Colleague: 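I'd like to ask some things about the structure below.
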Amino acid sequence: MTISFDNTYARDLDGMYLPFAGAKAPEPSLLWLNEPVAQALGLDAEALRSPEGLAMLTGGAMPEGASPLAMAYAGHQFGGFSAQLGDGRAMLVGEVLDRDGARRDIHLKGSGRTPFSRGGDGKAVLGPVLREVLIGEAMHGLGIPTTRALSAVATGETVWREGPEKGAVLARVASSHLRVGTFQFFYARQEIARLRRLADYAIRRHDPDLIDQPDRYIAFLQRVIDRQAALVAQWLAVGFVHGVMNTDNMTISGETIDYGPCAFIDAYDPAAVFSSIDHQGRYAYANQPALARWNLARLAESLLPLIAENPEDALPLVQPIIEAAEGRFAVERRKRFAAKLGAAEADDALIDGFLAMLTAQGADFTGAFRALATLVRGDEEPLRALIGADPRLDAWVQDWAVKRTATAAEMDAVNPLYIPRNHRVEEALAAANAGDLGPMQRLLTVFADPFTAKPGYEDLETPAPADAGEYVTYCGT
Ligand code: AMP
Ligand code: MG
């Protein structure tokens with residue numbers, strides 16, 4: 001198998017990773033291959049399916065030109081700082097330029113113990129690996145920046161979690177794996193020369209137009225803020241709760257990364273939390289902008305030594321940017337929700353008025369926005385069924401009718417019909433664990449174009465039945 005790697009991370013950032021060889025999977029068997037992604041990367045799908053391909057996709061043996069390594073990073077996890085996290089069960093295989101000339105990391109998760117594993121086994125298991133496949137593809141279909149799975153391969157090994165599980169390795173593709181936590185790693189150690197090398201690398205990779213600017217680190221910070229503001233607004237607009245927005249799970253690129261305990265809301269609830277370990281609701285649905293800004297403040301802090309020799313001189317330059325971030329996040333959110341309502345102007349009263357009714361009625365978030373377009377088409381029944389009991393509805397609809405400028409079709413194009421409904425995802429994963437990938441394929445079919453109704457897939461539109469109980473997600477995947 002020949003792959004044209006071009007491994008800038010390995011070449012330019014020595015001292016920021018450890019070379020690493022993955023574990024050999026005893027009996028690798030392909031669960032799923034993302035052919036469009038393989039094609040976009042210029043990889044031959046048949047070669048990936050071969051024993052040599054599966055060895056690469058599980059980390060056991062690398063093709064020529066790969067630069068297998070484990071990245072160093074730190075991170076604030078639920079507010080507490082760990083100075084050393086790093087790829088504990090992951091590795092970078094290498095970088096390739098895709099068909100559009102964009103640089104992409106090929107990265108594995110579950111490829112065995114690394115020097116960063118601490119007490120962990122370095123493994124991943126089938127359910128969470130396929131969950132990452134599903135949610136990543138869904139996010140991509142929804143038009144939300146995300147890492148994407150290239151493949152999921154079962155290793156033929158038993159991995160112990162609560163009980164015995166099937167071992168699996170995810171191969172994912174990202175525009176980079178640079179995180180807020182990567183910067184924190186070197187800042188915490190006060191390794192300023194490395195920090196500068198890392199920042200210049202990140203700028204060359206993600207914001208190359210800034211590289212010659214004398215104030216490039218501040219400009220870079222602003223770019224990362226802008227990307228995250230846009231990203232989190234997109235999460236909110238589809239009801240996505242990331243669940244573990246630690247600084248090591250926040251990218252510089254603005255792509256969503258690490259689908260662990262994430263979930264989508266059915267009934268609209270700003271306080272929605274799904275993760276079993278998020279007792280304080282730190283990463284609740286509506287807290288995500290504030291938490292993202294908190295993380296970005298950690299990035300700003302880490303960049304201070306590059307912005308001025310003396311932190312006191314850097315602070316006044318950075319502080320206004322961090323303070324303005326709140327406004328940026330709010331603007332992005334308003335823009336997304338105005339579009340969902342088909343309104344040309346972002347209007348807080350209109351947006352919050354609608355969401356207040358959804359909250360009060362416990363109405364399905366995704367269904368309610370679709371029902372608005374149905375109302376535009378002349379059928380008010382679906383909206384009435386969801387929030388008809390709310391005394392504010394008629395007045396709101398009158399106000400909205402004046403402010404709405406989009407057509408029903410335009411509204412449908414920004415309001416998905418299909419999202420990864422938690423109960424459907426669980427069903428698909430249970431089936432996959434039992435050897436039947438059919439339900440997962442069905443989900444992937446609608447996720448590829450979630451805005452368009454697909455006959456025969458109506459069951460995937462609706463929320464979990466009322467008696468389904470509370471949905472809880474778990475870390476430790
Ligand atoms: P995550 O929660 O997946 O973002 O991971 C947080 C940190 O824990 C990262 O440094 C991971 O590499 C590490 N980690 C998670 N699971 C394992 C595992 N099974 N073995 C070793 N390290 C792990
Ligand atoms: Mg992570």
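Indexing begins at 1, ligand by ligand and atom by atom, following the structure's order. Only a predicted model underlies this, so the values are computations on that prediction, with no experimental measurement involved.
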Colleague: So how far is it from Y217 OH to L317 CG, rounded to the nearest 0.5 Å?
Modeller: 14.5 Å
Colleague: Give the atom numbers and elements of ligand 1 that come within less than 4.0 Å of a heavy atom of N249.
Modeller: 4 (O)
Colleague: Is the Mg ion (ligand 2) less than 2.8 Å from an N/O/S atom of N246, whether that atom is in the backbone or a side chain?
Modeller: no
Colleague: Are R179 and D248 within salt-bridge range, i.e. N to O under 4.0 Å?
Modeller: no
Colleague: Taking all atoms of both residues into account, what is the closest heavy-atom pair of F264 and L142, and its distance?
Modeller: CE2-CD1, 4.3 Å
Colleague: Taking distance alone, with N or O pairs closer than 3.5 Å, would you say D87 contacts ligand 1?
Modeller: no
Colleague: Considering all heavy atoms of both residues, which atom of A428 and which atom of L443 are nearest to each other, and what is their separation?
Modeller: CB-CD1, 3.6 Å
Colleague: Can you find an N/O atom of F116 closer than 3.5 Å to an N/O atom of ligand 1?
Modeller: no
Colleague: Under 4.0 Å from any heavy atom of R118, which atoms of ligand 1 are there?
Modeller: 7 (C), 8 (O), 10 (O), 13 (C)
Colleague: Using a strict 4.0 Å cut-off to heavy atoms of Q77, name the atoms of ligand 1 that fall inside it.
Modeller: 6 (C)
Colleague: Does some non-hydrogen atom of G260 fall short of 4.0 Å from ligand 1?
Modeller: no
Colleague: By number and element, which atoms of ligand 1 are closer than 4.0 Å to a non-hydrogen atom of G120?
Modeller: 20 (N), 21 (C)
Colleague: How far apart are the closest heavy atoms of D278 and R282, and which atoms are they?
Modeller: OD1-N, 2.8 Å
Colleague: So does E427 pair up with R442, basic N to acidic O under 4.0 Å?
Modeller: no
Colleague: From atom 20 (N) of ligand 1, work out which of G110, S117, G122 has a heavy atom at the shortest distance.
Modeller: G122
Colleague: Relative to the heavy atoms of G86, which atoms of ligand 1 are at a distance of less than 4.0 Å?
Modeller: 9 (C), 10 (O), 11 (C), 12 (O)
Colleague: Using the six-membered ring wherever Trp is involved, compare the ring planes of F240 and Y259 and label them parallel, tilted or perpendicular (cut-offs 30° and 60°).
Modeller: perpendicular
Colleague: Which N, O or S atom name in D258 marks its closest approach to the Mg ion (ligand 2)?
Modeller: OD2
Colleague: Considering only heavy atoms of Y73, which atoms of ligand 1 have at least one such atom less than 4.0 Å away?
Modeller: 9 (C), 10 (O)
Colleague: Dump the intermediate steps for side-chain hydrogen bond (donor to acceptor under 3.5 Å, both in side chains) on W235 and T256, then the final yes or no.
Modeller: CA-CA 9 Å; W235 290 358; T256 316; 3.1 Å; yes
Colleague: For V244 and ligand 1, answer yes if some heavy atom of the residue is under 4.0 Å from a ligand atom, otherwise no.
Modeller: no
Colleague: Under 4.0 Å between a side-chain nitrogen and a carboxylate oxygen: does that hold for E255 and R148?
Modeller: no
Colleague: What's the verdict on side-chain hydrogen bond (donor to acceptor under 3.5 Å, both in side chains) for R205 and Y201, showing C-alpha distance, side-chain angles and the deciding distance?
Modeller: CA-CA 6 Å; R205 193 154 170 180; Y201 175 86; 2.7 Å; yes
Colleague: Quick check on contacts: which atoms of ligand 1 are under 4.0 angstrom from a heavy atom of R161?
Modeller: 19 (N)
Colleague: Out of all atoms in ligand 1, which are within 4.0 Å of some heavy atom of D258? Include the element for each.
Modeller: 4 (O)
